[in-house]
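The structure under discussion appears below in the form of structure tokens.
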Amino acid sequence: RKEVEQDPGPFNVPEGATVAFNCTYSNSASQSFFWYRQDCRKEPKLLMSVYSSGNEDGRFTAQLNRASQYISLLIRDSKLSDSATYLCVVNAGKSTFGDGTTLTVKP
Amino acid sequence: ETGVTQTPRHLVMGMTNKKSLKCEQHLGHNAMYWYKQSAKKPLELMFVYNFKEQTENNSVPSRFSPECPNSSHLFLHLHTLQPEDSALYLCASSQEETGNTDTQYFGPGTRLTVL
């Protein structure tokens, strides 16, 4: 079993839709969690950290569920520019990247 | 923008050539990483350096040879590569490898094509 697992998608949604991604992790000692975004042929960039209490940044909301060992990313009111691959990162002493979930937002 | 630069941005080389990729970070970090990303594939961690010491080699073929002369610079020396080595090579840095809240920052990558 992989340390960090994501549904690869692709998720194809219309503009304005709400979409959610989950990411599960196997190491219960994991301490910090992040979502990165990677555009086609570009480098991954930090989107947001994920805190135990959940956190929101504009249209993006990240949640952590330690009991079930998953993190989630919710995107509301999807824009065309949200089309990208979203990478989940889990840190249990060192960072492990998920394989990514691809989102395509269509007009 | 991210404080991590990579050169060259694009490289085309023959299988008998020797070339080097360079990465420099201006963030005062102590850990640096090399990743390989083939077309439409996930990131593959290759090497990790923490305080200039190599701490991870993910079963990478010896035709890839990393070098970390100081905490700000990381090189990847390439020789006798194969066409399947064509990929985007990404460098990243973080405060230190084993930081529990560590965040990695990536350079723009070198797009390598092996003919």
Side-chain angles (χ1 to χ4, degrees), chain A residues 1-11 21 23-25 27-53 55 57 62 64 66 71 83-104, chain B residues 1-7 9-10 21 23 25 27 29-51 53-58 86-113:
Chain A
R1 184 187 171 190
K2 287 184 177 179
E3 289 184 55
V4 178
E5 294 207 60
Q6 296 183 250
D7 181 345
F11 284 66
F21 311 131
C23 167
T24 58
Y25 59 94
N27 189 339
S28 59
S30 299
Q31 303 219 7
S32 56
F33 309 86
F34 309 91
W35 284 102
Y36 279 68
R37 170 195 170 126
Q38 185 174 23
D39 291 292
C40 187
R41 301 173 69 84
K42 296 285 184 69
E43 75 273 25
K45 293 187 177 179
L46 180 66
L47 179 64
M48 58 198 302
S49 302
V50 187
Y51 304 119
S52 296
S53 54
N55 49 301
D57 182 2
L64 166 64
R66 285 192 184 272
I71 65 172
S83 298
T85 296
Y86 291 84
L87 303 168
C88 156
V89 182
V90 175
N91 188 306
K94 55 184 180 180
S95 293
T96 301
F97 282 74
D99 290 350
T101 297
T102 299
L103 170 67
T104 302
Chain B
E1 182 187 5
T2 63
V4 182
T5 58
Q6 289 186 243
T7 54
R9 294 293 306 276
H10 299 272
L21 309 185
C23 175
Q25 58 93 3
L27 301 169
H29 288 165
N30 296 302
M32 296 188 78
Y33 310 77
W34 278 118
Y35 289 87
K36 173 185 177 182
Q37 189 171 38
S38 302
K40 301 195 177 185
K41 295 282 182 67
L43 288 171
E44 298 174 46
L45 180 65
M46 299 175 73
F47 301 105
V48 182
Y49 279 82
N50 199 37
F51 293 92
E53 298 295 321
Q54 187 179 121
T55 56
E56 190 149 349
N57 176 338
N58 242 12
S86 299
L88 179 67
Y89 288 84
L90 290 159
C91 172
S93 73
S94 68
Q95 189 57 49
E96 58 181 271
E97 184 195 2
T98 54
N100 286 330
T101 58
D102 220 22
T103 304
Q104 291 185 26
Y105 294 89
F106 286 83
T110 294
R111 190 159 298 280
L112 173 67
T113 302

In chain order, what residues pass the ring-ring contact (aromatic ring centres under 6.0 Å, His included) check against B:Phe47, with sequence neighbours excluded?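 If we apply the ring-ring contact (aromatic ring centres under 6.0 Å, His included) test to B:Phe47, skipping adjacent residues, there are no hits.
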Note: vs chain B, highest number of non-hydrogen pairs under 4.5 angstrom among A:Pro44, A:Pro8, A:Gly98, A:Cys40 is A:Pro44
Taking C-beta and beyond as the side chain, do A:Glu43 and B:Gln6 meet within less than 4.5 Å on heavy atoms? no
Evaluate whether atom CD of B:Gln54 has more than 12 neighbouring non-hydrogen atoms of other residues, nucleotides or ligands under 6.0 angstrom away.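 Above 12, so yes.
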Taking atom CZ as the centre, does B:Phe51 end up with more than 12 heavy-atom neighbours from other residues, nucleotides or ligands that are less than 6.0 angstrom away? yes
Contact origin within B:Tyr35 toward chain A - heavy atom pairs under 4.5 Å: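 For B:Tyr35, the contact with chain A is made by the side chain alone.
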In this structure, NZ of A:Lys94 is separated from CG of B:Leu45 (nearest 0.5 Å) by 8.0 Å
Under a 4.5 Å heavy-atom cut-off, does chain B meet the side chain of A:Phe33, its backbone, both or neither?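 Neither; nothing under 4.5 Å.
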For B:Ser86, which residues count as a side-chain contact (heavy atoms from CB on, under 4.5 Å) partner, sequence neighbours excluded?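 Here the qualifying residues are B:Thr113, B:Val114.
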Restricting to non-hydrogen atoms, name the atom on B:Gln104 and the atom on A:Ser95 that form the minimum distance, rounded to 0.1 Å. NE2-CB, 3.6 Å
Might you point out which heavy atoms bring A:Gln38 and B:Leu90 nearest each other, and give the distance in Å?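 Smallest heavy-atom distance, with atoms named: NE2-CD1, 4.3 Å.
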